[in-house]
Amino acid sequence: MTNRDVARIFDRIADLLQIKDENPFKIRAYRKAADSIYHLDEDLTYIQKSGRLGDIPAVGKAVQSKIEEMLEKGSCEYYERLTHEVPEGLLDMLALPGIGHKTAKLIYDELGIDNLPDLLKAAREKRIRTLPGMGAKTEYNIKKGMEMLKEASAKSTLGLALPLAEELRDYLLNSRVVEEAAITGSVRRGKPLVSDVDILVSSCSFEAVHHAVSSYRRLEEIESLGTDHIKGRLGYNLNFEIIIVPPADFLSQLFWSTGSKEHIKEIRELGGEEQGGAFFSEEAFYASMDMQYISPELRENRGEIEAAGKGEIPQLIELSDIKGDLHTHSRWSDGAHEIEEMVQAAKDSGYSYLAITEHSRSLPISRGLNEERLKAQGKVIEALNVNLDEFRVLKGSEVDILKDGSLDFDDDVLEDLDIVIGSVHSNFKLERDKQTERIIRAIKNEKVDIIGHLSGRLLNRRPGYEIDRDRILEAAARNQKIMEINAHPDRLDIDEETAKIAKDMGIKVAINSDAHSKQDLKLMKYGVINARRGWLEPADVVNSWELVDLLDYIQKKQS
DNA sequence: GCCGTTTTCGGCCCGACTGTTTTCAGTCG
């Protein structure tokens, strides 16, 4: 079992206990343990072997013995016993917005419903409204939530798909049944949501590939099989296709399988012919059509073919261009690690600066900082900087944009900070005009440098709030505000389309991890992929600049 | 169930919104 698998079981135990209405602190203890395990650097198996399970934060005797049981037997008796008391299908219901543990339990107790299809049926038959506290709106929300879940199950985030694709590719390479293997299709193009994972392999033996795939640890099901492909489903409900080609065709098929369909269609219409052979390379192929090389992220038929013909393909930003991260959290608010640990991780990433930007006081769930704690943190950061060579920790805040567009801190408090991100975390359902005015008011505040996760969307979970994007971008351009690309693969906000429009309007972008742990700093790569899909170059991305230039741009003198 | 530089027992994030009510429980961030 992986750390992730173990963490998931503890989370489910917490859910089951919550449905059973057990001691809330016990439930929280399991959640904290799950979170702590999820964010571990090392493999649990290794930690167990060296006898350090008890050193994991939030892991005490009870949780430790369950971890040992899971690592040894692959199962957990306590968890299985709970699932006998509470049907597991109730956990699926919790994914519906508005349905929590109490409601799920009520629906089960009163109507005997323990799965999503029956719940939908009951909502359609207006049986939910017979329960106390439930009405027509609840039924409507259930039906709407089910539609959302259906859409979500059709696609996976890149944050889920890419690591699994890399793992499958490496597994095939290491099993030595293939000569070459590469991720292709929409994952190679870096789409934020993908319907499947495509792996192109070259092999002379279909049987050997089939045999290897059959014993892959994450395989759930093989659905379709032919000498040129294997299609099926992996764990986490992720569809996959392995495309098998002869070694001589590998590079050309990598091009044709990458897509997108629209890009390929356009290439064919311009006379691009399928060609194989060992001399094929994508660079040479585009060159043969008098075009510059087009990176996979750009192959969406959104003007890249014309640009490549004119020599106007941008020099896309790369992960190695990134010099710092401007949006991170530490244990001072809801992060998992100390500032010092975050700094070390940033140095390990090759960065030369890192901004600590905790939540502000209006977000108590995230232990948002009040003015006193913010000032105290500033002192800690100043002291830290004294002993840092060639690295700078920036004092920052992810300050809440309140309902009326004012900020959670007064100007004189923000004055002392190096970097200020304004973000919306509440009142998501304001009507469009009010939401737009709210954000524009924050943009006009001269203390604000960056607008964080503009749309508030959570991929597969929540659409963004209603805003007039064009008006907001105009205001950002006028006030020289930086728009964030939040790199978390569940957000990727602003999206690629907005990023391209912003670039064309001369608005600068910051690609920020929004890290809540040192491992999260690595999520930067998803933001860079998203920026590339938005045609961004280093000149467009402020945290690919030297710090002095960044501070100069936001008109703050380096102290 | 975890934790401890006041504690090995008694604490452990909380305010706002929603949908249902007509004063609030449940959900969410």
Side-chain angles (χ1 to χ4, degrees), chain A residues 9-11 13-37 53-67 76 78-79 82 90 93-110 123 126 128-145 148 329 331-336 358-370 373 398 400-404 408 423-431 434-435 452-453 456-458 461-462 464-465 488 490-491 514 516:
Chain A
I9 298 228
F10 284 126
D11 242 336
I13 287 176
D15 280 333
L16 292 166
L17 291 175
Q18 209 165 350
I19 291 173
K20 277 171 54 102
D21 205 18
E22 288 250 4
N23 176 0
F25 299 109
K26 182 172 165 179
I27 294 162
R28 192 184 302 160
Y30 275 109
R31 289 215 192 281
K32 278 178 154 174
D35 192 57
S36 181
I37 291 164
L53 283 180
D55 296 346
I56 302 171
V59 171
K61 278 185 181 157
V63 169
Q64 183 179 340
S65 73
K66 289 182 182 72
I67 297 175
C76 172
Y78 179 63
Y79 171 61
L82 284 174
L90 293 192
M93 294 187 195
L94 302 180
L96 292 168
I99 304 289
H101 302 87
K102 300 262 182 190
T103 310
K105 175 84 164 21
L106 178 72
I107 290 171
Y108 173 62
D109 285 344
E110 297 298 320
K126 305 190 198 313
I128 302 296
R129 67 181 69 178
T130 61
L131 302 175
M134 309 278 119
K137 193 70 196 281
T138 312
E139 289 172 344
Y140 172 76
N141 285 340
I142 288 172
K143 287 184 265 187
K144 215 171 144 207
M148 189 197 77
H329 301 267
R331 288 183 67 161
W332 281 72
S333 64
D334 57 348
E358 314 288 8
H359 293 289
S360 58
R361 57 192 170 188
S362 285
L363 215 54
I365 181 71
S366 302
R367 307 195 337 114
L369 270 52
N370 58 23
R373 290 186 69 219
E398 182 183 16
D400 253 52
I401 301 174
L402 304 177
K403 189 174 183 179
D404 64 355
D408 205 9
S423 296
V424 166
H425 289 113
S426 61
N427 302 95
F428 294 159
K429 293 188 174 168
L430 276 190
E431 60 179 87
K434 284 194 176 147
Q435 195 72 281
H453 46 68
R457 75 173 181 177
L458 289 175
R461 274 188 285 161
R462 177 178 88 196
Y465 22 83
H488 195 291
D490 289 347
R491 289 190 181 270
D514 197 357
H516 284 71

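In this text, all values refer to a predicted model and were calculated from it rather than measured experimentally. A note on names: the letters A, B, ... follow the listed sequences, proteins ahead of strands, and every chain is numbered from 1.
- If you check B/dT20, B/dG26, B/dG1 against the side chain of A/Lys26, the one that comes closest is B/dG1.
- You'll find that the side chain of A/Val63 is closest to B/dG1, out of B/dG26, B/dG19, B/dG1.
- The residue among A/Leu96 and A/Leu131 whose nearest nucleotide of DNA chain B lies closer to the 5′ end is A/Leu131.
- Taking atom CE of residue A/Met93 and atom C1' of nucleotide B/dG26, one finds them 16 Å apart after rounding to whole Å.
- Across all strands, A/Ala136 comes closer than 4.0 Å only to sugar-phosphate atoms, never to a base (heavy-atom distances).
- A straight line from CG of A/Asp400 to C1' of B/dC14 spans 14 Å, rounded to a whole angstrom.
- Closest contact between the side chain of A/Thr103 and the listed nucleotides B/dC2, B/dT27, B/dT20 involves B/dT27.
- Heavy-atom contacts from other residues, nucleotides or ligands closer than 6.0 Å to OH of A/Tyr140 number 12 or fewer.
- B/dC2 and B/dT6: their P atoms are spaced 23 Å apart (whole Å).
- In this structure, A/Asp334 places its CG atom 11 Å from C1' of B/dC13, rounding to the nearest Å.
- For the P atoms, the distance linking B/dT21 with B/dT27 amounts to 15 Å, nearest Å.
- Residue A/Lys32 has its side chain nearest to B/dC13 when only B/dG1, B/dG19, B/dC13 are considered.
- Per the geometry, CG belonging to A/Leu430 stands 15 Å off P belonging to B/dA16, to the nearest Å.
- The side chain of A/Lys429 lies closest to B/dT18, out of B/dT27, B/dG29, B/dT18.
- The heavy-atom pair separating A/His453 from A/Tyr465 by the smallest distance is O-OH, 3.6 Å.
- Rounded to whole Å, the separation between the C1' atoms of B/dC13 and B/dT23 comes to 25 Å.
- For the pairing with A/His101, the side chain to side chain contact (heavy atoms under 4.5 Å, CB included) check across A/Leu17, A/Leu106, A/Asp15 returns one residue only, A/Asp15.
- Atom CG of A/Asp490 is separated from atom CG of A/Asp514 by 11.0 Å, given to the nearest 0.5 angstrom.
- The side chain of A/Asn427 contributes an N or O atom lying less than 4.0 Å from OP1 or OP2 of B/dC17.
- Between B/dC12 and B/dA16, the distance separating the two C1' atoms is 22 Å to the nearest Å.
- The residue among A/Asn23 and A/Pro132 whose nearest nucleotide of DNA chain B lies closer to the 5′ end is A/Asn23.
- Under 4.0 angstrom from either OP1 or OP2 of B/dT20 there lies at least one side-chain N or O belonging to A/Thr138.
- For the pair A/Ala33 and A/Ala58, the tightest heavy-atom approach, listed with the atom from each and the gap, is CB-O, 3.6 Å.
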Exercise for review: Begin with the C-alpha distance, continue with both residues' side-chain angles, and end with the deciding distance and a verdict on salt bridge (charged side-chain N to carboxylate O under 4.0 Å, His left out) for A/Glu139 and A/Lys126.
Suggested key: CA-CA 7 Å; A/Glu139 289 172 344; A/Lys126 305 190 198 313; 5.6 Å; no
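- No side-chain heavy atom of A/Asn141 sits less than 4.5 Å from a side-chain heavy atom of A/Leu96.
- Residue A/Arg462 places at least one side-chain N or O closer than 4.0 Å to OP1 or OP2 of B/dG29.
- Going from the C1' atom of B/dG1 to that of B/dT8 covers 14 Å, rounded to whole Å.
- A/Asn370 places no side-chain N or O within donor-acceptor distance of the main-chain N or O of A/Arg361, the cut-off being under 3.5 Å.
- The six-membered or imidazole ring of A/His425 lies near that of A/His359, with a centre-to-centre distance under 6.0 Å.
- Note: CD1 (A/Ile27) to P (B/dC13) measures 14 Å, nearest angstrom.
- A 3.5 Å limit on both hydrogen-bonding distances identifies B/dG11 as the Watson-Crick or G-U partner of B/dC2.
- Per the geometry, CD1 belonging to A/Ile56 stands 15 Å off C1' belonging to B/dG1, to the nearest Å.
- For B/dT22 and B/dT18, the C1' atoms lie 15 Å apart once the distance is rounded to whole Å.
- Remark: the separation of the C1' atoms in B/dG19 and B/dG10 is 37 Å, to the nearest Å.
- We find the CD1-CE distance between A/Ile128 and A/Met134 to be 8.0 Å, quoted to the nearest 0.5 Å.
- Within the 4.0 Å cut-off from OP1 or OP2 of B/dG15, not a single side-chain nitrogen or oxygen of A/Ser362 is found.
- Distance check on atom C1': B/dC9 versus B/dC17 gives 37 Å, rounded to whole Å.
- For A/Arg367, the side-chain atoms get nearest to B/dC13 when compared with the rest of B/dT18, B/dT20, B/dC13.
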Below 3.5 Å is the cut-off: list the nitrogen or oxygen pairs between protein and nucleotides 6-10 of chain B, distance only.
none

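- Here B/dG26 presents its C1' atom at 13 Å from CG of A/Leu94, a figure rounded to the nearest Å.
- Nearest to the side chain of A/Arg28, among B/dC12, B/dC2, B/dG19, sits B/dC12.
- Rounded to a whole Å, the CD1 atom of A/Ile67 is 14 Å from the P atom of B/dG1.
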